[in-house]
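Just below is one structure, and these are the notes that go with it.
The structure presented is a predicted model; accordingly, all values stated were derived computationally and were not measured. The chains referred to below are lettered A, B, ... by the order of the sequence lines, with proteins before strands, and numbering in each begins at 1.
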Amino acid sequence: MNGASTSETGVVTGSPVKKESRRPKYTKFTQQELPACKPLLTPGWVISIFLIVGIIFIPIGVVSLLASSKVVQIVYRYDQTCLPATARTTKDAQLSYIQNPGTDKNCPVTLTVPKQMKSPVYVYYELDHFYQNHRRYVKSVSSAQLQDNSSSSLSDCKPEDYVNGLPITPCGLIAWSLFNDTFNFSTVSNAPVHVNRNGIAWKSDVQKKFGSNVFPNNFPNNNLTNPSGIGGASLNSSLPLDQDEDLIVWMRTAALPNFRKLWGKIEQDFQPGDTINVGIVNQYNTYSFEGKKKLVLSTTSWLGGKNIFMGVAYLTIGVLCIVLALVFLLIHLRHPRPLGDPSYLSWNRKNSHGTDNLRS
Amino acid sequence: MASAMKWWKERWRGAGGGREGAGSGSNEAESRVIHCNRPDLNSSFWYASNRTSTTKYTWYSFLPMSLFEQYRRAAYWYFTAMAILSLLSFGPYSPISLWLPLLFVLALGILRDFAEDLRRSRGDKEVNSRPILVHTGGGQFEEKQWKHLRVGDIVKVTDGNYFPSDLLLLSSSTTDGVCYVETMNLDGETNLKVRQALESTWDVGGKKESVLENFEAVLEYEGPNPSLYTFVGTLRLEDGQTFPVGPSQLLLRDSSLQNTGSILGAVVYTGHDTKVMQNSLPPPSKRSRVDHTLDKIIWAMFAVLLLVSVLTAVLLAVRTKNAGTDPWYLQPTIRDSYYNPNKAAVAGIISFLNSLILYGYFIPIALYVSLEIVRVIQARFIAADIHMYDPITNKAAKVKSAGLNEELGQVDTIFSDKTGTLTCNQMDFFRVSIAGVAYGIGTTEVERAAKQLGLALGGDPSPRDPKDNLLRLSSDRKAELQGSINMMDDNNNYGPDNNPYREKGFNFYDPRLLGGNWIHEPSSQNIQFFMQILALCHTAIPDGIPEDPASMRYRAESPDEAALVVAAKQFGFYFYKRTPTMLHVRETVSPNSNPVDQVYQLLNVLEFSSARKRMSVIVRFPDGRLLLLSKGADSVMLQRVDKNKSGFVKETNKHLKDFGEVGLRTLVVAYRQLDEEEYRKWQAKYAEARATVGRERDLHIEELADEIEQGLTVVGGTGVEDKLQDGVPEAIDRFARAGIKIWVLTGDKVETAINIGYACSLLRHGMDNLLVSLEGPEAHALEERATRDNLSRDEIAEEQKAFVGRKLSEALDLVLTHHENLRESMSSAKATVGIGDLSDQIGDAADYPLRKPDQHSHAIEYALVIDGVEGAQAAMAADYAISQFRFLERLLLVHGRWCYRRISLMILYFFYKVCMLGFIAFLCNCFAFFSGNPFYNDWYASCYNTVFTALPVCVIGVLDQDVSAAEALRYPELYRSGQRGEMFNKRSIFGWLLNSLYSSAIIFFFPLAVYSGLSAIRPGGQVSSIQDYGAGMFTVLVLVPNLQLYMAVQYFTWIHHLAICASIAIWYLFIIVYGALPPLWATNAYKEFVEVLAPSASYWLLQAVVIVITLLPEYLFRSLKWALYPSDYQIVLECTKLERKQTSKQQHRV
């Protein structure tokens, strides 16, 4: 702090040798004269930009809407219909039904195909009010354990880390709450419809995140007397994790409390009017939190599933831009302002009104 | 905290510099006793060494101190607290993703400190290791480094070199112990000052070595203090004699020896004890108004953060309680403190802490560092501006407080000194009045300006037109001169504008006097005497070869004085040598005669002071006459005129008034023939007074001077022109158009001041002039009261100031009642620039006039120094230093304006983008049970501010220009938008935040509609999961703020495009590279882009639609505004474009 003076003046004046010119060097950069693009929002530009955006967006919107409209999907909510009439009345009744391992959980359902569905037809289950994004839930997993059983501590997996002092594989709430309703498809003629349960998970998950030599162990759901209560599905102890695609799909948690998960692919076409018999085993408890359960069969387009959002968004903005272009055209015609008219400068405007500037 | 800081700094410096601290801290009040030439006896005192250190830190204190310095920004404490919280298990992000950005910004700050300190330390090293000759006994000198000097050492300093420490002058190579010093680095004055050793020590270091070898003296003197102009001490020689020593024996560090072979001095203060180091000012630490507003926004953001966090906590607690054990998949029966439906409050509190981190983006960590870096680069640009480089002084603009850059764009009042600031402080002898005749036919700048404006100067047809002048000459002389002028005109075109006699300090042209012609004037005797007075009555020191008059330069106290000596030289009275008792003048009395060397005996010099406003010398002429020669301001001189023998008082007075009106600085030249007896008596008293010690001394001397400077006879008067600097009228004109108010401080006479005001276009037609004067009944009453109450001069000055201030305020009130606009503008006057040599002067000027109209009493916000030849020290204390007044227009109108726009934009944009992430984090939470789980990967978020969106905003902060420099100068009115604070105010902040809110909603919900998890995002039937949504959403979150810049600014160089594109590219690169890391590292980003997002059409379609819809309102708003309510700068841009079009059309036609 003290005496910046000494060092600086000292250096500058101390050596009375030749005087170097301290003239700054000229470059376009240091003089802030770089060539620059200065777009002016003149009416011509504004109108043409709106037009261009509109012209590009409307066709994209149309194409997207078409893609979505071509998708055929069947959604069937079964959480209530699959309950016996006695169990539907109260929440307690629902719970005592679903939590009793002795009750019959089979629920045959018939679906009718409204339009032609081309292979592959994807099978999803949809849950509601299920907070897979809850912090306690999301964190309750051990990636290292899933990958190669290498985790030193399972503390992340609390409260599903150890059972009777033995480490759980796969540990954590996510695995423990695995969805366990099953679906059995057949045609009217009772010919079974094959559902391909492979290839429903992302390849990277299968290959890297879930190990081929990690086997379920001490999994609480496999032991119905386990103290932590009934969870979701049990796991086949001889099936390595990387082959259990249901688990892999389930463990890639959903962003919202209302979500679908891919359950399988039906690789055959359905014709309009076809009926599909589905044998649902309704054993997953969503009744505690009043969550719906749905079965979804859907085809896809190049854009994905049925979702008009993209098409609507594009179309709306496209139309809006065209409208705005017209509005601007109107404004320009109604209130034409000559380019670069100095009389529009604030100080010129003021003077014309007689109010003088400050220095009079 | 501040005091603790100071304490620490002192501690560290003390420890770092060895024993430096011991001397500087404790001895302030104590006096010192040292033994000159006996270093062995002095070592016991532990005085400071002569090593100086200007560094802030030492190598071992650097890290902790610099770190501490960083933490002066309150926000950093917050970030650190958050980083520490994140270490606890409930943190929403991995700790490292919070620590890394924090460490990054800390490291950046520390690195900057390090670079600065390194630079200082290099400077110190150079200074500390300069060589100096130190007496080592036996009359021998040895070369040592400065830092090894000790108090009491005897050192030898040779001509042109700097004094290594404060020295007591013992002897010089001149016989009479005199030496000359230049104190430019201390007070900015370029004239030489005389220092004279005590007579009793003149022999030390003389021919006899033994004298030096055996020299020993005890010096008792005051302890180190910052007063540059005082020094009290006594020197006791070996023989027991004691002598008082004072400032005239003290040679200060940082001043240099001039025109003297060498000197010997005893070291009295060393290192940090020296006056200059004690006096050095702490670096200015002022903050701009934008900065203050920024603080407020940060607090507001903090409030928002708290609010959102509390909201989250409450909602979580309520929902957890309501849900109870229903969501069985959360295992609510196995409880811990984070999740316990029965103790929801606990969960709420933890959620609150968690939310502080989760929404921490509301407080932008990178903003401070970015602002600092940007301001430093802006400062570089200002310093590199070729248009602000002055080739004469070889100086470019300097920026000391880059933190105030944007304030330069909001200045609405300038306080300026006149001399040296508006003018060159380069005085030229221009007119002269001798024996009642006015000479000099050049046209002054003021006259020229008046002619242009069609103003009449004064009421008298004063000698303005040279022909006019000649008409009034006696007819025979006229014929003679007419001939000579015509001859000159015909053959050489000589005239006032082509003056063969012109040199620095002399711009006088009149053929009646020049070239020895004065001898033909009727009053040639008087002219000769007048010129002799000019050649003798001064304190200038000749610097050059006596035989070569053309090369001779005079080192004088002020440039006016030098100009007078130069004038005498031009008229044939060439002063070429000064000794303490003799003045040597080479006189050429007629063009045909040879020069004669005359020696005048100089008896006394009664020096100039601003209070006395005059100076005199008492000289014995070679013919034995004893004369008091005097020159001074007419106000003081005319009071002292001998009533009976007044000389040419009337004529001179009239001429000087004319000179004053045309903007010249005038002096009356007078003399008095002294009576031998009277002088002897006076001299005795005077010698006695000079010998006294203490405060009485100056008073006595002044009284005695006053006594003898009476009964003067006026010979004539001089008019010296101080030219306006180049471009001053134009600059002032632009400031006026820019709405900047200007106050100029001058000591001129009222008429001179007004006319110069017109000349520099400060005053113009149609303005009402209000004169507030210290002459008038009220002012006289004040003076009377002052004499009655026996007030000191300072007190009187204070009273007068207060009086003027009062009058000014009254005057302003008067104006204000008529001009409501003006009142408004006055009360909003906040930013002010003071310009001048010293800040206290600015303080004076700024102090009172504004107080009344502006109740907030805003003092000077910062000082700006026009630093030409003078004022190196003043420049140190300044925030900005430029060499010419006209550079100020570029500094304010161009750089200031740009910087204000840039910094404003930068801050607004920063909050826009951080709020976006903050809002999105909150929205995520709303859909996740308020459990505090962000949908996106930690690393996306922590790189968002520091990597993905950091670069373009800095480019804008450095490069953005709404209009070019040329346009800004062509339309100075554009500057007013800065004064009105149009870029950075509640409206603009609100607008940007609204935009942020809107954009974040779009960015959150649009991707959510696509990645909802309810429909397949790919033909392969896969639905999206949380990480797919996170990455998809984050992609547009990176794209939108980057592309928003295309909406926000109007100026794009390749650097802009590069920065924006690079930022976007870095995001894609990041997500690819990060996603390619092993899954345990990449966690949920593993192969996200490559496998999930990139192959899906919806990902790309989504980006386009979100970008368009987020930027649409801004584009719409700007287009509408441009079409219907265009801003000034937009019109200016259009004008430029139109002109370019037209010129290219014309060229085409040609």
* So which part of B/Ile1055 gets closer than 4.5 Å to some heavy atom of chain A, the side chain, the backbone, both or neither? -> side chain

* Looking at A/Tyr137, A/Phe259, A/Tyr122, which makes the most heavy-atom pairs under 4.5 Å with chain B? -> A/Tyr122

* **Portion of B/Tyr1029 that has a non-hydrogen atom of chain A nearer than 4.5 angstrom** => side chain

* Considering only heavy atoms, which portion of B/Lys1137 lies under 4.5 Å from any heavy atom of chain A: side chain, backbone, both, or neither? -> side chain

* To do: Below 4.5 Å from any heavy atom of chain A, which atoms of B/Phe935 appear? Answer side chain, backbone, both or neither.
  => side chain

* For A/Asn285, is it the side chain, the backbone, both or neither that has a heavy atom under 4.5 Å from a heavy atom of chain B? -> both

* **Contacting region of B/Ala383 [heavy-atom separation from chain A under 4.5 Å]** => backbone

* **Polar side chain donor-acceptor pair, B/Gln1050 to B/Arg1118, under 3.5 angstrom** => yes

* How close do B/Ser1098 and B/Ile1017 get, heavy atom to heavy atom, and via which atoms? -> OG-O, 3.5 Å

* Asked: With no hydrogens and no angle check, do the side chains of A/Arg252 and B/Ser1025 hold a donor and an acceptor under 3.5 Å apart?
  -> yes

* Considering only heavy atoms, which portion of B/Thr325 lies under 4.5 Å from any heavy atom of chain A: side chain, backbone, both, or neither? -> neither

* Under 4.5 Å heavy-atom distance to chain A, tell me which part of B/Phe1006 shows up: side chain, backbone, both or neither. => both

* Asked: Is chain B contacted by the side chain of A/Phe57, its backbone, both, or neither, given a heavy-atom distance below 4.5 Å?
  -> side chain

* To do: Measure distances from B/Arg380 to the heavy atoms of chain A and classify the residue's part below 4.5 Å as side chain, backbone, both or neither.
  => neither

* Using non-hydrogen atoms only, which part of B/Leu1116 is less than 4.5 Å away from chain A: side chain, backbone, both, or neither? -> both

* To do: Answer with side chain, backbone, both or neither: which region of A/Lys203 has an atom nearer than 4.5 Å to a non-hydrogen atom of chain B?
  => both

* Structure fact -> If one checks every heavy atom of B/Lys1121 against chain A at 4.5 Å, the contacting part turns out to be neither

* Side chain / backbone / both / neither for B/Ser1119 at chain A, heavy atoms under 4.5 Å -> both

* To do: Below 4.5 Å from any heavy atom of chain A, which atoms of B/Gln961 appear? Answer side chain, backbone, both or neither.
  => side chain

* **Region of A/Glu126 that comes under 4.5 Å of a non-hydrogen atom in chain B** => side chain

* To do: Check whether B/Leu1124 gets within reach of chain A through its side chain, its backbone, both or neither, counting any heavy atom under 4.5 Å.
  => side chain

* By a 4.5 Å heavy-atom criterion (distance strictly below it), what part of A/Ile331 contacts chain B: side chain, backbone, both, or neither? -> side chain

* Structure fact -> A/Tyr344 meets the ring pair (Phe, Tyr, Trp, His ring centres under 6.0 Å) criterion, sequence neighbours left out, with none

* Can you tell which part of A/Ala254 gets under 4.5 Å to a heavy atom of chain B, answering side chain, backbone, both or neither? => backbone

* Asked: Between A/Ile174 and chain B, which part of the residue has a heavy atom less than 4.5 Å away: side chain, backbone, both or neither?
  -> neither

* Proximity breakdown for A/Ile60 and chain B, heavy-atom pairs closer than 4.5 Å -> side chain

* Could you verify whether a donor N or O on one side chain and an acceptor N or O on the other, from A/Lys209 and A/Ser143, lie under 3.5 Å apart? => no

* Asked: In terms of side-chain heavy atoms, does B/Ser931 have a donor or acceptor partner in B/Asn933 at a distance below 3.5 Å?
  -> no

* Name the region of A/His129, side chain, backbone, both or neither, that has any atom closer than 4.5 Å to a heavy atom of chain B. => backbone

* Where on A/Lys208 is there a heavy atom nearer than 4.5 Å to chain B: the side chain, the backbone, both, or neither? -> both

* Structure fact -> Honestly, the part of A/Pro35 sitting under 4.5 Å from a heavy atom of chain B is backbone

* Asked: Non-hydrogen atoms of chain A under 4.5 Å away: do they reach the side chain of B/Val1108, the backbone, both or neither?
  -> side chain

